[in-house]
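Order of the sequence lines fixes the chain letters, A, B, ..., with proteins taken first and strands second; residue numbering starts at 1 for each chain.
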Amino acid sequence: MKAFATLFAVLDATTSTAGKTAALADYFRTAPDADKVWTIALLSGRRPRRAATATELRTWAAEAAGLSPWLFEESHAVVGDLAETIALILPSSADIAGLTGLDAVIRRLIALTGQPAEARRAAILALWASLPPAERFLATKLLTGGFRMGVSQGLMTRALAQATGRAEADLAHALMGDWNPAQTAFGALVSALETGAGSRPYPFALASPLEAAAATLGDPVDWRAEWKWDGIRGQIVARPGAFALWSRGEELITDRFPEFAPLRDHLPEGTVMDGEVLAWDRASGRPLPFAALQRRIGRKTVPKALLREAPAQFLAYDLLEAGGEDLRAQPFAARREALDTLLAGLPPGLPLAASPLVTFYDWDALAVRRQTAREGGTEGLMLKRAASPYLGGRKRGDWWKWKLDPYSIDAVMLYAQAGHGRRAGLFTDFTFAVRDGEALVPVAKAYSGLTDAEFAEITAWVQRHTLERFGPVRRVPPDLVFEIAFEGIQASPRHKSGIALRFPRMLRWRRDKPVAEIDTLEALRGLLAADRGLRAPGPPRDI
Amino acid sequence: MAPDLLTLTPQGLFCPAGGFHIDPWRPVARALVTHGHSDHARPGHAAYLTTPQALPVIRHRLGPITAESLPYGQPLAIGPVTVSFHPAGHVPGSAQVRVEHRGEVWVVSGDYKTEADGLAEPFAPVPCHAFITECTFGLPVFRWRPQPMVIADVAAWWAANARAGKTSLLAAYSFGKAQRLLAALPPLGPILTHGAVEEINQILRAQGYPLPATTRVTPEITAKTHPGALVLAPPSALATPWARRFEPAEEAMASGWMAVRGIRRRRGLGTGFALSDHADWDGLLTAVKATGAPRIRATHGYTVPFARHLCDLGLQADTLQTEFTGDDTPGDGA
């Protein structure tokens, strides 16, 4: 654990990419193999199953420290991180040498899952008592999940490449999929791997937001455009003996979308497609609102009624593997043609289609088309260079997302809550309301979009203007007005306002705007109606 | 029930029986001042009373003022009230104020810490009936490691930077924290000081406080002229053109807030040393118990949870809304 804690301290102390890569590469050269496998797993978003719930952890820690639950919660609100709060409040045992390795600690935690609460409590209290505070913090992080170390998977792969001498792209592919760190040896993990093995997906190619004018991309002939769908990015992998649907977060979601199971019988062996999972309205040939898809996420088994109400469709963007051959080095235009040919050979009625290309001859005309994106239930356009290979990760230059401008409203702050992590002790999470006659109705929560200086100023204001405290939440006078941007609007019976905003964030603090001039619930309802109208069933456009 | 010996007025804490204020934030006729930090020693009062050790810094910061000093432990009658100063251990010269009237004793802590730092006069608990205590760090997540351990970390950081050919830029409050570090750090190399720090150094040296030799940063001083140096500067001097002359440099800050990772990261600091001139959670509870006071009033800091915890312990505790703002926002030099 000590080597891992030292690595964490170095990564935490530097913002320099070169410094982080060097520290990681050094770790990968020197740490025990078993610890390295876990470190790779943690840095690529894998973590051991939780041996305890957050509620259990806070209860046990507060008891061990002799603190009331409310005092623990006050502390948590200030520290902004559960694991750190626990590490800080427990009696300190400064002179313990942390002799246990990362692998050993994690195996102890895994062994606890499924055991009775009393046994888990005793084991976790013993673990806490056996570690110095820095290692106790990390061990608790393993228990609470959400392990972020400021290291992207790309950076980790680069460091691993430096330490092992293997090519970065090979390693990136080798680390994809559902390998189990508890059963994987370091050598096997990073050693040569056969292309197209098992159900392993390829590293996803990601797009960057287009900030410059589209015309700066050059000749339209060199580009392809498609709609930017608002669903779940995924890869369908069909290989001999394997069929899998992977989310971009490398989660295996095959069982959540049983309607894709028939594809197993129809796709040629050795096929990998990149695309988007959407909840689909077959009658209109358009996607259902994201809320419909949301009902399917997180359900391991899907009730029949839901399958009928929110059937899934896979819109394919790209063909990464055909006949067991890795196509990623070929130009996008060629891959796309191969995709169309493949899909044309499939029987009708499958929940699978190519994401339509948007033909265009000049950028201005495409810009006009982009303005109609919401009518088709999309977020804007994707632009891909016709000659580009399929590159894992976010490599700027070949793939751009050209989204519509968001909606925006002016709303007033009603509640404030302290943030987490880097924003501990600052009030950064706000609830906003619009006017409904004389009343104010909460419509959105947002926590991003302001500068640190603005958050600091608002924090000081909240501290001086708190009207009521509900645990970590403060009610404040409705005085501060913000422009809130959001991507979409949906009816929601779960919200008092009857609507839910998608991806709300603060666009700016409107110091100039009096509360009397904020937007009304009526206006939002009008927006909802207009948005629905645009999605009303009708003949599909020529997209 | 007798009226409270000390009450809150728009000017600050007030003793009606004695007609004086303690650390008032708006101009008053007579101010008892616990120490020279700017949220406690404010300008504009007609008359100041403080300890002889605290007075030079206060005069330096406030300019010409009418001031008297009263040594630690020596009683002074102000009308029917007897007042005295007692060491608070916060910074050199800092005091708690004991106020006695008809056998009832109240103590105002000012800012304090319970660990002796080797420079400030060590905190001495004063038995009383009511204790008005600060609680800047009044949550159980704030528990300091002993000073020698923190200093060893600072020294190791400085030595490692020097080996790597880098300057060590250490941000610390210019009055108190900076001198505490100076007095405690081993002599590993040249120590350079920002003007704000050096002015206080000179005043304290003249008073006889033992501080090592330091060099004030002047325009010709750079990383090249003083390789491997430690530079002590107020937090506001980090990331300024002034600081750039020391590149390549590592930056760090010494403050109790550095105990929390999120706060340290928000300051853009890779390294933070949790070294505070305020009492930690255990220190606050120890101090409260040592007074034997049944009544506690919590001011500046985590007043609400701290008072509630004291109530849970069976004490009569509430909060006092003061305007000592300097420590409100995590990230200042506390």
Side-chain angles (χ1 to χ4, degrees), chain A residues 8-16 19 61-62 65-68 70-81 83-92 94-95 132-134 137 141 150 418-428 452 455-457 459-460 463-464 466 469 471-472 474, chain B residues 135-146 148-150 152-153 157 160-161 164 248 250-252 257-272 274 280-282 285 300-313 321 323 325-332:
Chain A
F8 180 82
V10 176
L11 294 176
D12 203 36
T14 180
T15 51
S16 131
L67 298 174
S68 313
W70 68 263
L71 187 51
F72 183 90
E73 287 318 310
E74 288 278 354
S75 301
H76 183 193
V78 167
V79 172
D81 181 278
E84 188 181 354
T85 308
I86 289 172
L88 289 172
I89 63 151
L90 287 171
S92 82
D95 292 331
F137 164 63
K141 269 291 195 199
H420 288 93
R422 219 185 130 259
R423 305 155 122 205
L426 275 188
F427 285 93
T428 57
D452 280 359
F455 279 130
E457 192 180 342
T459 295
Q463 280 163 344
R464 281 167 183 66
T466 298
R469 298 162 59 110
R474 311 271 188 113
Chain B
C135 53
T136 304
F137 291 108
L139 283 176
V141 287
F142 297 108
R143 289 180 311 167
W144 316 140
R145 296 157 69 223
M149 293 175 72
V150 182
D153 285 352
W157 170 78
N161 293 340
E250 288 288 331
E251 291 183 348
W257 297 111
M258 295 298 109
V260 175
R261 180 168 169 255
I263 296 172
R264 170 171 63 71
R265 282 154 61 86
R266 185 165 72 243
R267 304 270 319 193
L269 290 165
T271 310
D280 67 357
W281 174 254
D282 296 331
L285 292 178
H300 67 292
Y302 295 107
T303 51
V304 173
F306 187 62
R308 185 171 165 192
H309 181 71
L310 295 181
C311 289
D312 285 357
L313 295 178
Q321 201 68 38
E323 290 187 22
T325 55
D327 300 313
D328 251 0
T329 308
D332 281 333

Check whether [X] gets within reach of chain B through its side chain, its backbone, both or neither, counting any heavy atom under 4.5 Å.
X       : result
A:Phe72 : neither
A:Glu84 : side chain
A:Ile89 : both
A:Ser68 : side chain

Q.
With a 4.5 Å cut-off on side-chain heavy atoms, are A:Trp70 and B:Arg308 touching?
A.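 Yes; the side chains approach each other to less than 4.5 Å.
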request  = Taking B:Arg264 for its side chain and A:Ala13 for its backbone only, find out whether a donor-acceptor pair lies under 3.5 Å.
outcome  =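 No; judged by distance alone, with no hydrogens or angles, the pair does not exist.
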Can you name the nearest heavy-atom pair linking B:Arg143 to A:Pro91, along with the distance?
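In this case the closest contact between B:Arg143 and A:Pro91 is NH1-CA, 3.9 Å.
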**Request:** In plain terms, say whether B:Arg261 and A:Asp81 are close enough for a salt bridge, that is, a side-chain N and a carboxylate O under 4.0 Å apart.
**Result:**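 No, no charged N to carboxylate O under 4.0 Å.
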Task: B:Ala259, part contacting chain A, at a heavy-atom distance under 4.5 Å - done: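 The answer is the backbone of B:Ala259.
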Report task. Mind checking the CG-CG spacing from A:Leu71 to B:Leu139? Nearest 0.5 Å is all I need. Result ->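 Going from the CG atom of A:Leu71 to the CG atom of B:Leu139 covers 6.5 Å.
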Chain B contacts, top residue of A:Ile86, A:Val79, A:Thr85 (heavy-atom pairs, under 4.5 Å):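 Counting heavy-atom pairs under 4.5 Å, the top option is A:Val79.
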